[in-house]
Each structure stands twice: as structure tokens, then as C-alpha cells.
Undergrad: 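Take a look at this one; I'll ask things after.
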Number of protein chains: 2
Amino acid sequence: MPAESDCTAMLDSETKAVETPEDHADELRLWLRLLTCTTLIEGEVRGRLRQRFDVTLPRFDLMAQLDKAPDGMTLSDVSKRMMVSNGNVTGLVERLVESGHLDRRTSETDRRVQVIRLTKLGRAEFRRMAAEHETWIADLFADLSPKDVRELMRLLAKTKASAQKSAARRRP
Amino acid sequence: MPAESDCTAMLDSETKAVETPEDHADELRLWLRLLTCTTLIEGEVRGRLRQRFDVTLPRFDLMAQLDKAPDGMTLSDVSKRMMVSNGNVTGLVERLVESGHLDRRTSETDRRVQVIRLTKLGRAEFRRMAAEHETWIADLFADLSPKDVRELMRLLAKTKASAQKSAARRRP
DNA sequence: GGAAAACATTTTAGGCTTAAAACAATTCGG
DNA sequence: CCGAATTGTTTTAAGCCTAAAATGTTTTCC
């Protein structure tokens, strides 16, 4: 059995380390499986939100962010938290203000900033939806033991950190 | 310590089982973490595909499906595999045929069916992109040990099965 | 054989999403 | 203090995405 066969790097004729064409099929499969899980659950949640409450998932997500911030958030905050573009938030907020779920006002101390909050209606509707939403999630993950859940949490935390590091390497 | 406090179900005054308001905060956190990981990685891959190859992620995904099917696929097949709506595929295919990456023809045995394939150009470009794409994924998951990867695969398989079961319960 | 069901795709209407450019307000450095 | 970055938001152009309805085709089953 040649010694090289288990190495991940080799020395070339100039004695400089070169990468062997590594096999990353496992990571690729892992990524696809991660994506499948998310797509599956997301689609299910989207459908249930529409059927039960006639609301879209992005609107629900935005309201969820605001529910955790009684004093409101700026559009930038929301955009960072939701990991979507600024322009996207502008449109979402527009429609939710229109429907009476959100209140939007310009900050008194910085006239660039828009602060948005849930209205009474918005908060009431969100709480109603969130309660049911939580049971859907519980059901979707029902076959995982508490230990599975903990272990997944741990591994996904590691995954998140790894991905963030990789992203930071690209644009420092 | 009351015996009920650790129970997940109680008997009410009519001796009928009722659910206690269970706490599913862990599952909820797990779902949000799963979503964060996917969004993070997806965004990174999307950006790199655009910068390096001026291609969108959905187009890349569609080509990836076709690369695995030398004899082509029907639009329905693609739609199921990619877990997106039929109408979505119609538009994607339109643009990829237009740009010369895909070939589309009506099945000879069933005139309802459209069979699509990668063109020579499409296959060549995809292979070039896929090679680089694989290194990005490897880098994004770089901090996971082989054991982590195996364990994540196992737990995500369990998650997928659980979610599919839950989805099937809703629309049998 | 022919109506009815099932199937594959497209169309429609509306909303979501992004990247990049434009605009506006604030902060920073000289 | 003032021009130059920086920051927060909106606009723009293009594409993605979905659910539902519409269209055309095949199968089923009386």
C-alpha cells in the first residue's frame, strides 16, 4: 500500500507543497442534505402559514424579529438579522405597514433611520400565529430525541462558525 | 413535588387526555439554527457563482440535476428533484435554452412531456463551475471533522425522515 | 368508444429577492 | 468648519418563486 494514498498533500519535484485533487464528495452530500432539510421544512411552514393565516413566510419572519424587540428596530437591524438585502426589507415593511401590522417612524435623533414596531394588531396576530407555528415545528422534528436535538444544535453551531470563518476569509 | 409536573399529558375533569402546553423552544431554536446555516452557506455560494461565473444559483442547481442525467429529464422530474414549483422550472428552462445551455424537445411517445438535456456548452460550463463549487463547499465546512460530517449526515437524515412523515400526516 | 380522471406543462397574478446605483443624513479628519 | 468618507434607506432592473387556473394530452374505466 503506497504511503501517498492516505496523504492530503504531496511534495512535487521542486519540493513545494501542492494540493492533491482532494475528494470533497462527503461535504457536498452534507450540504445537499442540509439544503433538502431546510427546503422541506420551509415549504411545509410556508404552506401552513398561508392556509391557516393567509400570511407569507417572510412577513411572519419579519414580525418574529419585531416581537422580540418591543422598542422597535431599524431597517438595517432587521436586514442583518434576517440575512436579507436592505431593499428586500423596504418592500416587506411597506406591505406590512399598509396592512396595519407595522408602525414606522423616522428616528428623532438620526433622520436617516426608520424605526419599525409591531402595532397592537400586528402583535396580537403574530402571537396567535407563533403559538401554532411552534407546534408545527415540534411536529416536524418529532422523531428526534432530546439528545439528537442537542447534538444537532452543537454540530450546526460548529457548521455556522466554520461557514462564517470561510466567508470572512473571502471578504476580510 | 407534584407528580404532574413532569408529565406531557394530563387527565381533565372528564377523564379525557388533554395536552399540557408543552415547551418546544428547543426545536424552535434548532429550526432557526438550521435555517441560519443554510441561508449563510447559500448566500455565500450564490455570491461566488455570480462573481466567478456570472451565473445564478437556481441555474447552477438545475444544471447540476441535468449533469447527473445524461439522457435528460422531464420538467416534472426536475421540479420534484429541486423541490420547486412547476411554473418555476418553466421559466428557468426558458432562460437556459435561450442562453444555449439547455436543449429541450417534446417526447416522441408522450406529447405532454418536455425532455431537457445539457448541451455540449452547458455541460462544459457546468463541469468547470462544479469543480470550483466543490472547493467552496469544502472550505465552508472545513472546521468539521470527518466524524462531525458523518454525524451530521446521520442526524439530518433522521430530520428529513421526520419532516417528511409530518408533512405526510397533514396531506395524506 | 367516450366521458371522466389523471397528468405535464404553461400561464397568470402577485409577491419575494438580489445587486447595484442613487439619494440623504451623519460623522470624521484635517 | 468643510470636504470626504460612512451609514441608512430607497430605487431600479432583472430574475426567482409560488399557488392557482388554464391548456393540452393520455389513461382509466364503465
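Note on naming: letters A, B, ... go to the chains in the order of the sequence lines (proteins, then strands), and numbering restarts at 1 for each one.
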Undergrad: Could you say whether A/Gly47 or A/Asp77 is positioned toward the 5' end of DNA chain D, judged by the nucleotide with the nearest heavy atom to each?
TA: A/Asp77
Undergrad: Can you tell me the distance, in whole Å, between the CE atom of B/Met82 and the C1' atom of D/dT18?
TA: 14 Å
Undergrad: Would the base of D/dT25 count as contacting B/Arg111 through its side chain, where contact means a donor and an acceptor less than 3.5 Å apart?
TA: no
Undergrad: Considering every strand and a 4.0 Å limit on heavy-atom distances, what is the contact class for B/Ser85: base, sugar-phosphate, or nothing?
TA: base
Undergrad: If you check every side-chain atom of B/Leu92, which of D/dC16, C/dT18, C/dT9 has the closest atom?
TA: D/dC16
Undergrad: Kindly say whether A/Ser145 contributes a backbone atom to a donor-acceptor pair with the side chain of A/Asp148 at under 3.5 angstrom?
TA: yes
Undergrad: Does atom CZ (A/Arg81) have a neighbourhood of more than 12 heavy atoms from anything else shown, all under 6.0 Å?
TA: no
Undergrad: In this structure, would B/Ile41 and B/Phe60 fall into the same cluster of hydrophobic residues linked by side-chain contacts under 4.5 Å?
TA: yes
Undergrad: Atom CD of B/Glu94 to atom C1' of C/dT9: distance rounded to whole Å?
TA: 12 Å
Undergrad: C/dC16, D/dT26, C/dA19: which one has an atom nearest the side-chain heavy atoms of B/Arg46?
TA: C/dA19
Undergrad: At less than 4.0 Å, is any side-chain N or O atom of B/Asn88 found next to OP1 or OP2 of D/dC16? Yes or no.
TA: no
Undergrad: Should A/Thr90 be listed as having a side-chain N or O under 4.0 Å from OP1 or OP2 of D/dT11?
TA: no
Undergrad: Got a donor-acceptor contact below 3.5 angstrom from the A/Thr39 side chain to the A/Leu35 backbone?
TA: yes
Undergrad: Is the distance from OP1 or OP2 of C/dT9 to the nearest side-chain N or O of B/Ser76 less than 4.0 Å?
TA: yes
Undergrad: To the nearest Å, give me how far apart CG (B/Leu75) and C1' (D/dC17) are.
TA: 16 Å
Undergrad: In this structure, how many angstroms lie between the P atom of C/dA5 and the CZ atom of B/Arg112, rounded?
TA: 16 Å
Undergrad: What is the distance, rounded to the nearest whole Å, between atom CD of B/Glu42 and atom C1' of D/dC17?
TA: 13 Å
Undergrad: Salt bridge or not between A/Arg48 and A/Glu132? Use side-chain N to carboxylate O under 4.0 Å.
TA: no
Undergrad: Could you give the CE-to-C1' distance, from B/Met83 to D/dC16, as a whole number of Å?
TA: 16 Å
Undergrad: Tell me whether the OP1 or OP2 atom of D/dA20 has a side-chain N or O from A/Arg50 closer than 4.0 Å.
TA: yes
Undergrad: Under 4.0 Å between a side-chain N/O of B/Thr56 and OP1 or OP2 of C/dT18, yes or no?
TA: no
Undergrad: In whole angstrom, what separates A/Glu108's CD from C/dT26's P?
TA: 12 Å
Undergrad: Rounded to the nearest Å, what distance is computed from the CG atom of residue A/Leu57 to the C1' atom of nucleotide D/dA19?
TA: 15 Å
Undergrad: Using a 4.0 Å heavy-atom cut-off across all strands, classify B/Asn86 as base, sugar-phosphate, or nothing.
TA: base
Undergrad: Which part of the nucleic acid does B/Ser79 contact within heavy-atom distance under 4.0 Å: base, sugar-phosphate only, or nothing?
TA: nothing
Undergrad: Please determine if a side-chain N or O atom of A/Arg104 lies less than 4.0 Å away from the OP1 or OP2 oxygen of D/dT10.
TA: yes
Undergrad: Quick check: on DNA chain C, is the nucleotide nearest A/Val84 upstream (toward 5') of the one nearest A/Asp110, or the reverse? Name the residue that is more 5'.
TA: A/Val84
Undergrad: Is the count of non-hydrogen atoms from other residues, nucleotides or ligands lying under 6.0 Å from A/Lys158 atom NZ greater than 12?
TA: yes
